[in-house]
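Below, read A as the first sequence line, B as the second, and so on, with proteins coming before strands; counting in each chain starts at 1.
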Amino acid sequence: MSKRALLHRGAPLVLVALLAVAILLPLDDVLRLESGDETVSARWSDALDGLPEESGILVAFDADLGTYAEIRPTVRVLLADLLDRGGQLAFVSLTPEGRALAVAELGRLARADVNPRRLADFGFLPGAEAALVQLTREFPEPIDDTAFGRGIAEGGFDRVDAILVVGGNDLGPRSWVEQVAPRVDDVPILAVAPTVLLPELIPYTATGQLEALVATPRDGAAYRASVDLENGQRLVPDEGPSVAALVVGILAAVLLLAQSLAGPLLRPRGAESAR
Amino acid sequence: MNGFFGTDGADVMATWVAAGMTLIVLGGMFGERRAFGWTQHLFAGLLTGFLALVAVTEVLVPWLLAPLVADPGGRPELWLALALVGSAAGVPWLPRPVTAVPLSIAIGALAAFALVGAVVGTLLPQLVVTAPVPGDTGLATGIGIAAAVVTALVLLSFLHGGPRGRGIGIAVSVGRWLLLAGIGGWLGYLLFSRLILLVDRIGFLLFEWLGVGR
């Protein structure tokens, strides 16, 4: 194996080893992820404080496998926070990946002995945008027969106090804003989405179409730090990503970028033609 | 801890399978392509199987077949839906004009809902907010105008072919660079998402598979 090939194969191994070491380093008190800007967490507090007692929250769970790791800690704290506040959660998914993750999260909540009467599962709805429009007219029957689920199936969005969209790449908060918000009255939409969706979602917070949004790990960490969970603490196994590992990964990305930019400049003149 | 797995036998086995798959996928970075390709096929197959399972158990049976069996004449539209499902499932054997019908309906409905939603839910509200109005601060007016200019330039960058003057040519070029800058920023966000996924997977191997304490 040539020296170049060895370098190409060895570099990822070194990166993985560095990330593993960084994850194990106890640097959580030194490096902090949460944003110093409290606007996002204050907006969430305002939105959640404005919900009535025993509010019914429709959780549109359409995260995807590629980005769920990023938002998972925030989603779990949020679900625990809502349950702590006496909320009732109705899950629905419009993507297969979202449904798979919703099933996993519902299973996790069941293992943590969350009162099943405070949960409802409306399963998977096919049809993407068309299904969202249909949902504004009629809810399907819940999979588990609970009074809360039946109430939503009969009353529709009149029984929903807020929509929490757990977004992914396929069908996220934008679709809910575009298809559901114009058709239902006064149901605030809250959203947790991966960073990759931030550019398309920021404008909706400016217009108020999204009541609250967490779309960066820093804002997610700030929201998590602002929440004081009581019973819900047992529902939160995640501590969030290792900040030291993120720093190592970003430095590696910057080095690669610099190398790729500087490479042509540093290459000896004539080397390209000689090759 | 991702919290998806408990401590009983099935969960421990699931942890080992997940760890094995993670190692094989990470092995793709080090040049082990054959096993990596095999896991990709496995993942695609699992996802397809899951989709089929969900479609059958959560859609076709409860929404279509069960109501038809319970009351065959009660909802005639369900027979039409059944015919569409049949023509979609029979793509390899039925003539193309028949099998194209459900696909056309699906694509047409998707485009219609998406377009109307984009106009009503995004374009109009955003225009209302960004349009400069009397009483705005200078900064707000400037942001509104800048947003309109950038939008116009990026839309112009989609002009392909056709005669155009020098001014339009420059605007198209600037719009294209703005579009590239936007895509670059988006790729930066994507990189960050994927980095967190990698850190999460390594954490899974360390904490949940190897049991290394934090």
note = A/Ser242 and B/Val199 have their tightest heavy-atom pair at N-CG1, 4.2 Å

remark   = Given B/Ile196, B/Leu205, B/Leu187, B/Leu26, the one with more heavy-atom pairs under 4.5 angstrom with chain A than any other is B/Ile196

remark   = Scanning both residues in full, the closest heavy-atom pair of B/Phe192 with A/Pro217 reads CE2-CG, 3.2 Å

Going by atom type alone, with no hydrogens or angles, which donor-acceptor pairs under 3.5 Å involve a side-chain atom of residues 97-106 of chain B and a protein atom two or more places apart or on another chain?
from, atom 1, to, atom 2, distance (Å)
B/Thr99, OG1, B/Arg96, O, 3.2
B/Ser104, OG, B/Ala100, O, 2.5

note = When rounded to the nearest 0.5 Å, the distance separating CG of A/Leu19 from CG of B/Leu206 is 10.0 Å

task = Would you mind checking which part of A/Val16 comes under 4.5 Å of any heavy atom in chain B, side chain (CB onward), backbone (N, CA, C, O), both or neither?
result = both

remark   = Most heavy-atom pairs under 4.5 Å with chain B, out of A/Ile71, A/Leu65, A/Thr67, A/Leu246, belong to A/Leu246

Which portion of B/Leu198 sits near chain A, non-hydrogen atoms under 4.5 angstrom = side chain

key: Which atoms of B/Leu191 approach chain A - backbone, side chain, both or neither, heavy atom under 4.5 Å   = side chain

ask   = Heavy atoms under 4.5 Å from chain B: which residues of residues 175-183 of chain A carry them?
value = A/Val177, A/Glu178, A/Gln179, A/Pro182

ask   = Does any heavy atom of chain B fall under 4.5 Å from the side chain of A/Leu235, the backbone, both, or neither of them?
value = neither

task = Taking all non-hydrogen atoms of both residues into account, name the closest pair between A/Thr207 and B/Pro125 and its distance.
result = CG2-O, 4.0 Å

inquiry  = In the structure I gave you, are the side-chain heavy atoms of A/Pro126 and B/Val59 within less than 4.5 Å of one another anywhere?
reply    = yes

key: Closest heavy-atom pair and its distance - B/Gly121, A/Gln209   = O-NE2, 2.6 Å

ask   = Which bit of A/Leu198 is near chain B, if near means a heavy-atom gap under 4.5 Å: side chain, backbone, both or neither?
value = side chain

Point-to-point distance, once rounded to the nearest 0.5 Å, from CG of A/Leu15 to CD1 of B/Ile202 = 7.0 Å

remark   = Rounded to the nearest 0.5 angstrom, the CG-CH2 distance for A/Leu125 and B/Trp63 is 4.5 Å

message = Between B/Phe207 and A/Leu24, is there a side-chain heavy-atom distance shorter than 4.5 Å?
response = yes

ask   = At a heavy-atom separation under 4.5 Å, does B/Phe30 approach chain A through its side chain, its backbone, both, or neither?
value = both

A/Ile23 to B/Gly203 - nearest heavy-atom pair and separation = CD1-N, 3.8 Å

query = Among A/Ala252, A/Gly10, A/Ala253, A/Pro203, which residue forms the greatest number of heavy-atom pairs with chain B at distances under 4.5 Å?
reply = A/Pro203

remark   = When the 4.5 angstrom heavy-atom criterion is applied to B/Ala109 and chain A, the contacting part is neither

ask   = What closest approach, in Å, do B/Met29 and A/Pro12 show between heavy atoms, and which atom pair accounts for it?
value = O-CG, 3.6 Å

ask   = Around atom CD of A/Glu138, are there more than 12 heavy atoms of other residues, nucleotides or ligands at under 6.0 Å?
value = no

query = Out of curiosity, A/Leu132 CG to B/Phe113 CZ, how far, rounded to the nearest 0.5 Å?
reply = 10.0 Å

request  = Would you mind reporting whether A/Glu70 and B/Leu197 have side-chain heavy atoms less than 4.5 Å apart?
outcome  = no

request  = Would you mind telling me which of A/Arg99, A/Glu129, A/Arg174 has the largest number of heavy-atom pairs within less than 4.5 Å of chain B?
outcome  = A/Arg99

inquiry  = Listing request: all salt bridge (Lys or Arg N to Asp or Glu O under 4.0 Å) pairs with a residue in residues 111-130 of chain B, at least two apart in sequence or in separate chains.
reply    = none

Could you give the side-chain donor-acceptor pairs of residues 172-181 of chain B under 3.5 Å, partners two or more places apart or in another chain?
from, atom 1, to, atom 2, distance (Å)
B/Arg176, NH2, B/Ser157, O, 3.4

inquiry  = Keeping B/Glu58 on the side-chain end and A/Phe124 on the backbone end, is there a donor-acceptor pair under 3.5 Å?
reply    = yes

request  = Determine whether the side chains of B/Thr122 and A/Tyr204 contain a donor N or O and an acceptor N or O closer than 3.5 Å.
outcome  = yes

query = So do the side chains of A/Leu197 and B/Tyr189 get within less than 4.5 Å of each other, counting heavy atoms only?
reply = no

